[in-house]
Undergrad: 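Right, I'll just put the structure down here and ask away after.
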2 protein chains.
Amino acid sequence: MVKRTSHQSADCLIARPLDAIGDWWSLLIVRDAFDGMRRFGEFQKSLGVAKNILSARLRNLIAHGILETVPAEDGSAHHEYVLTEKGRGLFYVLVALRQWGETYFSGPGEPYTFMVDTRTGRPIRRLEVHAEDGRLLAPGETRLADFRQQPE
Amino acid sequence: MVKRTSHQSADCLIARPLDAIGDWWSLLIVRDAFDGMRRFGEFQKSLGVAKNILSARLRNLIAHGILETVPAEDGSAHHEYVLTEKGRGLFYVLVALRQWGETYFSGPGEPYTFMVDTRTGRPIRRLEVHAEDGRLLAPGETRLADFRQQPE
DNA sequence: CCATTCGGTTTCAAGTTGAAACCATTGCGG
DNA sequence: CCGCAATGGTTTCAACTTGAAACCGAATGG
């Protein structure tokens with residue numbers, strides 16, 4: 001789907017996830033799947049995207065093991081789309097994007113939602129990056145390392 | 001750049017960040033910027049993308065306040081591209097994507113890098129989502145809430 | 001000065017996207 | 001059993017986007 005340039009030598013571990021997801025719209029499908037949507041029609045209505053496009057995106061997400069189809073819960077002959085374990089791993093990406101959105105894109109007076117703990121209804125904490133020893137790390141206090149360079 | 005469907009009523013706070021970033025390639029630019037790249041040519045060489053496309057992406061990132069141009073460090077007449085505060089906020093998105101990539105996309109025997117604490121050289125911890133009271137939350141233990149529904 | 005690098009813009013063929021039309025299967029009322 | 005609507009797609013095709021290559025102008029470099 002996305003052209004493979006076979007060129008992102010330095011850091012395939014960002015580029016390949018991006019390639020697997022396919023494009024931005026696909027992440028909205030994943031988001032809706034987290035919100036409990038399972039049916040083609042639900043996604044289509046939620047996203048307002050053309051059916052052929054949605055169809056292609058769903059196929060791509062399935063091909064990359066992010067979604068899978070299961071027989072419909074209600075016993076009808078249709079199938080439903082649900083997140084795999086791998087797909088659920090995208091939770092943190094969505095949380096990070098959402099917190100970034102909350103910070104920089106929520107105009108005053110806008111209908112504004114945010115993530116809360118289901119049990120208490122209280123907002124969740126912001127994501128933080130921690131060192132192995134628990135120290136809070138700011139952007140810039142990390143780098144990439146080849147694992148062969150790791151101290152034992 | 002991306003068509004505005006004015007339709008993602010439920011959750012603009014995912015859709016709008018996605019729209020601001022523009023497309024996948026743009027996140028790779030941001031990643032490179034975190035890695036210290038500043039010059040047009042550096043990005044072009046790193047990403048292997050056509051110059052017109054890179055030019056358009058950079059312009060889009062600037063328009064959305066993720067990058068800004070500054071006079072070149074070395075005193076030359078050219079300018080350089082650096083992350084804004086808002087752009088640095090994408091750090092958590094990149095960390096989340098990378099950890100997902102590490103988990104699901106690193107084949108055995110591949111050149112494999114991961115994020116380490118600059119000070120100690122030890123790997124960073126995995127991202128976690130915590131409730132306000134500190135409890136660790138799994139995907140599915142959160143929901144979206146309108147802020148008017150929040151208990152005081 | 002002449003050549004080369006840097007930082008782009010322009011051009012245009014090829015590929016992608018998406019709205020609408022179409023199709024196939026199931027569900028259901030009579 | 002027939003008709004008809006809802007669901008879940010696929011096909012078609014015009015419009016848009018993409019990107020490789022050519023071009024361009026301004027700064028270095030020799």
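In what follows, every heavy atom counts, from backbone to side chain, and hydrogens, waters and symmetry copies are set aside. Quick note on labels: first sequence line is chain A, next is B, and so on, each numbered from 1.
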Undergrad: Please identify each residue that fulfils side chain to side chain contact (heavy atoms under 4.5 Å, CB included) with Ser76(B), with sequence neighbours left out.
TA: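 Listed in chain order: Arg39(B), Ala72(B), Asp74(B), His78(B).
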
Undergrad: Round to the nearest Å and state the distance from Asp23(A) atom CG to dT17(C) atom C1'.
TA: 10 Å

Undergrad: Using only side-chain N and O atoms of Ser55(B), determine if any of them is under 4.0 Å from OP1 or OP2 of dG8(C).
TA: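 Checking Ser55(B) against dG8(C): no side-chain N or O falls below 4.0 Å of OP1 or OP2.
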
Undergrad: Check the distance between dT11(D)'s C1' and Leu54(A)'s CG and give it to me in whole angstrom.
TA: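 Rounded to whole Å, this separation is 16 Å.
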
Undergrad: Please tell me if Arg59(A) has a side-chain N or O lying less than 4.0 Å from either OP1 or OP2 of dG9(D).
TA: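 No.
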
Undergrad: From the set dT17(C), dA19(C), dT10(C), return the single nucleotide nearest to any side-chain atom of Arg57(A).
TA: dT17(C)

Undergrad: Hey, what are the protein-to-nucleotides 4-8 of chain D N/O distances that come in under 3.5 Å?
TA:
unit_1 : atom_1 : unit_2   : atom_2 : d
dG8(D) : OP1    : Arg39(A) : NE     : 2.5
dG8(D) : OP1    : Arg39(A) : NH2    : 2.6
dG8(D) : OP2    : Gly41(A) : N      : 3.4

Undergrad: Just the rounded figure in Å: distance from P of dT16(C) to CH2 of Trp25(B).
TA: 14 Å

Undergrad: Side chain to side chain contact (heavy atoms under 4.5 Å, CB included) with Ala33(A): which residues, sequence neighbours excluded?
TA: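 Listed in chain order: Phe43(A), Leu67(A), Leu83(A).
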
Undergrad: Suppose we screen for side chain to side chain contact (heavy atoms under 4.5 Å, CB included). Which residues come up paired with Pro139(A), at least two apart in sequence or across chains?
TA: Phe34(B), Phe91(B), Tyr92(B)

Undergrad: Taking Asp117(A) first and then Arg119(A), would you say they form a salt bridge - that is, a charged N and a carboxylate O separated by under 4.0 Å?
TA: no

Undergrad: Hey, is Asp23(B) close enough to Arg57(B) for a salt bridge, meaning N to O under 4.0 Å?
TA: yes

Undergrad: If the condition is side chain to side chain donor-acceptor pair (under 3.5 Å), which residues does Glu42(A) pass it with, not counting sequence neighbours?
TA: none

Undergrad: Test of understanding: with side chain to side chain contact (heavy atoms under 4.5 Å, CB included), list the residues that count as partners of Tyr104(A), not counting sequence neighbours.
TA: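 Counting only residues at least two positions away or on another chain, Tyr104(A) forms a side chain to side chain contact (heavy atoms under 4.5 Å, CB included) with Trp100(A), Glu85(B), Lys86(B).
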
Undergrad: Rounded off to whole Å, could you give me the CD1-to-C1' distance for the Ile53(A) and dT11(D) pair?
TA: 12 Å

Undergrad: Could you state the atom-to-atom distance from CD of Gln44(B) to C1' of dA20(D) in whole Å?
TA: 11 Å

Undergrad: Nearest whole angstrom, please: distance from the P of dG8(C) to the CD of Glu80(B).
TA: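 In whole Å, dG8(C) P lies 11 Å from Glu80(B) CD.
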
Undergrad: To the nearest Å, how far apart are Leu58(A) CG and dG18(C) P?
TA: 14 Å

Undergrad: Please report the distance, rounded to the nearest Å, between NZ in Lys45(B) and P in dG8(C).
TA: 17 Å

